[in-house]
Amino acid sequence: MTDFIPSQTELNLTIPEPYINTLNLEGFSRMMKDPSYCYKFYWLEAIVQLISEGVEKTTFDAVIDEMICNAWYSVREFHIHLSGLQADGQVRDGLERAVSRLAELSDLPANASKVEIRNAIRAHRDELKESKAQLTNMVPYRALAGFFPGKLTERDWGSVRRMTEYIERINREVSLLPYTLGMSAKLEKEMIFQPAWIRMIQDNTVSILGWIQYEKVKWLQNNNPEVPGLVYKLAPMDEKMRKLGNVRRLWEGILDISEVRDVFTGDPVVPKCYDVDHFIPWSFVMNDELWNLMPMDSSLNSSKSNRLPMWDPFFARFAANQYLLYGFIHERPGIRKLFEACYRDNLHSIWAGQELYRPGNSQEEFTNILQKNMQPVYDSARRQGYELWER
């Protein structure tokens with residue numbers, strides 16, 4: 001991780017007079033410095049969100065519930081590993097394990113709403129207790145280390161009672177902390193937010209959450225180097241991002257002059273009765289590039305969902321349909337015009353423009369170019385944990 005610590009100016013905070021001289025903003029800026037695991041980002045994010053909603057006192061349990069809700073979509077829908085994997089392939093991050101445990105216990109879909117996730121947590125509270133309790137061991141205390149005047153020994157960190165008392169003393173004698181802690185144990189331990197920090201955070205919620213997301217994305221990208229478009233994978237997808245209208249018109253133009261067979265069923269695609277879908281799931285590639293799109297039976301689309309088709313035999317059939325499209329692009333001016341309408345939203349890959357769709361490719365050359373560029377992306381999605389779909 002970078003050693004960059006944002007200043008008050010770089011955080012773009014507006015500090016009103018009532019607390020301008022009482023808050024240690026430099027200490028606050030260090031709350032995400034040098035994390036060992038990703039859940040440190042989710043801890044601070046959950047606190048800021050709760051404070052923005054007017055919460056003045058809460059518990060570890062409530063904060064961790066918020067963390068699970070915030071991490072659910074990235075872990076379940078996009079298969080992001082919050083802190084990478086161990087050498088043996090096991091998940092490193094305790095928050096990711098908690099999300100996965102909830103998924104095992106419930107029938108929640110990957111795109112479940114926050115209300116549904118909260119209800120499932122409540123329904124499985126006892127079964128989740130161990131996974132959640134592990135998240136209270138370090139981060140609630142170490143997140144405040146930037147406010148401490150000196151280094152503490154591991155002996156100090158190892159005692160919850162001593163750390164709770166130390167935090168209270170620092171808050172009283174040295175520097176007003178964002179929160180202090182009660183004397184209850186584990187998940188029931190109280191968190192008391194300080195009024196001056198509540199006002200500052202409520203006045204600057206958007207800027208602070210933007211900073212947290214920026215730091216979180218850097219961490220996640222470092223731990224998921226093969227995953228494209230990670231910045232878009234922190235929250236539920238916005239359907240407005242999908243740009244398939246021109247691609248559908250292109251395939252409609254082709255279907256008007258030629259039969260196209262469904263990649264998965266082998267049956268002719270019925271004009272106006274099909275879906276345009278991604279061979280490699282959109283949730284992994286996060287784009288609507290033409291070279292990854294195909295017309296397919298609408299009834300199968302929901303079955304395929306967020307899974308990878310078996311490479312064999314489906315890629316060969318997919319490539320044959322892509323080559324059919326390629327041929328008409330260069331043979332029919334009307335199809336060429338429909339193809340050019342896709343430039344803005346569906347043709348950004350340099351290799352596609354310079355190699356795949358250039359004139360003169362034989363079917364073998366075209367297929368080899370497509371495979372050379374698609375298979376590494378497909379293999380990355382498989383390694384990330386995307387399930388295979390055999391139809």
Side-chain angles (χ1 to χ4, degrees), residues 35-55 57-86 88-143 160 179 181-191 193 212 216 220 223-224 233-237 283 302 305-307 384-387:
S36 299
Y37 296 94
C38 188
Y39 56 76
K40 191 171 186 178
F41 302 112
Y42 285 95
W43 173 261
L44 183 56
E45 179 182 51
I47 288 171
V48 171
Q49 288 174 336
L50 290 169
I51 288 175
S52 73
E53 295 167 3
V55 175
K57 182 178 179 180
T58 188
T59 62
F60 284 179
D61 194 46
V63 175
I64 291 169
D65 285 356
E66 188 79 9
M67 293 165 65
I68 291 172
C69 289
N70 290 340
W72 175 270
Y73 207 76
S74 295
V75 172
R76 298 297 300 150
E77 179 76 359
F78 295 124
H79 302 273
I80 301 299
H81 295 301
L82 300 185
S83 298
L85 298 175
Q86 299 173 168
D88 61 0
Q90 296 300 305
V91 169
R92 291 186 68 237
D93 199 284
L95 178 57
E96 183 178 345
R97 290 196 294 271
V99 170
S100 297
R101 178 62 176 149
L102 179 60
E104 292 171 4
L105 294 167
S106 68
D107 57 358
L108 285 176
N111 61 349
S113 69
K114 200 164 187 177
V115 171
E116 291 172 319
I117 298 168
R118 285 189 187 282
N119 289 340
I121 293 172
R122 193 176 300 114
H124 299 285
R125 187 161 300 282
D126 290 342
E127 299 98 319
L128 289 171
K129 188 173 292 185
E130 182 178 354
S131 298
K132 292 170 65 176
Q134 291 177 355
L135 296 173
T136 70
N137 291 339
M138 287 292 179
V139 165
Y141 312 96
R142 291 191 182 271
V160 170
Y179 57 84
L181 303 173
M183 298 308 295
S184 298
K186 295 189 176 180
L187 292 172
E188 300 307 314
K189 199 168 189 67
E190 303 87 357
M191 294 180 64
F193 302 130
I212 294 170
K216 188 199 297 183
L220 291 173
N223 284 278
N224 297 268
K233 298 180 177 180
L234 304 184
M237 70 178 75
S283 65
S302 59
S305 185
N306 199 27
R307 292 182 287 178
Q384 203 66 25
Y386 279 75
E387 296 178 13

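Model, not experiment: these values are computed from the prediction.
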key: Interatomic spacing from CH2 in W72 to OG in S113 - rounded to 0.5 Å   = 11.0 Å
request  = Evaluate the side-chain proximity of L102 to S131: yes if any heavy-atom separation is below 4.5 Å, no if none is.
outcome  = no
query = Hey, are the side chains of H124 and S106 touching, using non-hydrogen atoms and a 4.5 Å cut-off?
reply = yes
query = Has the side chain of S100 got a donor or acceptor atom that lies under 3.5 Å from a matching backbone atom of R97?
reply = no
remark   = Looking only at heavy atoms, the pair that brings S283 and E77 closest together is OG-O, 3.8 Å
key: Residue pair Y39, L82: steps toward the side-chain contact (heavy atoms from CB on, under 4.5 Å) verdict   = CA-CA 8 Å; Y39 56 76; L82 300 185; 6.0 Å; no
query = Hey, does F193 have a side-chain heavy atom less than 4.5 Å from the side chain of I47?
reply = yes
query = What are the two closest non-hydrogen atoms of I68 and I117, and how far apart are they?
reply = CG2-CG2, 4.4 Å
query = Are R101 and E130 ion-paired here, with the side-chain N under 4.0 Å from a carboxylate O?
reply = no
note = Between R142 and K40 the two heavy atoms that sit nearest each other are O-NZ, 4.1 Å
message = Could you report the tightest heavy-atom contact between Y386 and N306, atom names first, then the distance?
response = CD2-O, 3.4 Å
request  = Output all residues satisfying side chain to side chain donor-acceptor pair (under 3.5 Å) with N223, sequence neighbours left out; order by chain, then residue number.
outcome  = none
ask   = Of all residues at least two apart in sequence or in a different chain, which pass the side chain to side chain donor-acceptor pair (under 3.5 Å) check with R118?
value = E66
Crowding at CD, E127 (>12 non-hydrogen neighbours, <6.0 Å) = yes
key: Heavy atoms from other residues, nucleotides or ligands near NZ of K114 exceed 12 (cutoff 6.0 Å)   = yes
task = Just do the side-chain contact (heavy atoms from CB on, under 4.5 Å) check on I121 and C69 with the steps written out, would you?
result = CA-CA 9 Å; I121 293 172; C69 289; 4.2 Å; yes
F78 side chain reached by L234 side chain, heavy atoms, under 4.5 Å = no
key: Spacing of E96 atom CD and S74 atom OG [to the nearest 0.5 Å]   = 10.0 Å
query = So, does T136 use its side chain to make a donor-acceptor pair with the main chain of L187 at under 3.5 Å?
reply = no
inquiry  = Within the supplied structure, the quantity of interest is the number of heavy atoms (other residues, nucleotides, ligands) at a distance under 6.0 Å from K189 NZ; does it exceed 12?
reply    = yes
ask   = Yes or no on side-chain contact (heavy atoms from CB on, under 4.5 Å) for N224 and K233, after CA distance, side-chain angles and deciding distance?
value = CA-CA 12 Å; N224 297 268; K233 298 180 177 180; over 6 Å; no
Donor-acceptor contact below 3.5 Å, side chain N137 vs main chain Q134 = yes
inquiry  = Less than 4.5 Å apart, side chain to side chain, heavy atoms only: is that true for E116 and N119?
reply    = no
query = Is it true that D65 and K132 make a salt bridge, defined as a side-chain N closer than 4.0 Å to a carboxylate O?
reply = yes
inquiry  = With a 4.5 Å cut-off on side-chain heavy atoms, are L220 and C38 touching?
reply    = yes
request  = Of all the heavy-atom pairs spanning A46 and M67, show the shortest one and how long it is.
outcome  = CB-CG, 3.9 Å
ask   = Taking the inter-plane angle between the rings of F60 and W43 on a 0 to 90° scale, is it parallel (under 30°), tilted (30 to 60°) or perpendicular (over 60°)?
value = perpendicular
key: Minimum-distance pair of heavy atoms, taken over all atoms of H81 and Q384   = CD2-NE2, 3.5 Å
query = With distance as the sole test, does N70 use its side chain to make a donor-acceptor pair with the main-chain N or O of Y42 at under 3.5 Å?
reply = no
Exercise: do T58 and Y179 side chains pair donor with acceptor under 3.5 Å = no
ask   = Can you tell me if Q90 and D88 form a side-chain donor-acceptor pair at under 3.5 Å?
value = no
query = Do L108 and R76 have side chains that get closer than 4.5 Å, going by heavy atoms?
reply = no
message = Are L181 and M191 packed together at the side-chain level, in the sense that at least one heavy-atom pair is separated by less than 4.5 angstrom?
response = yes
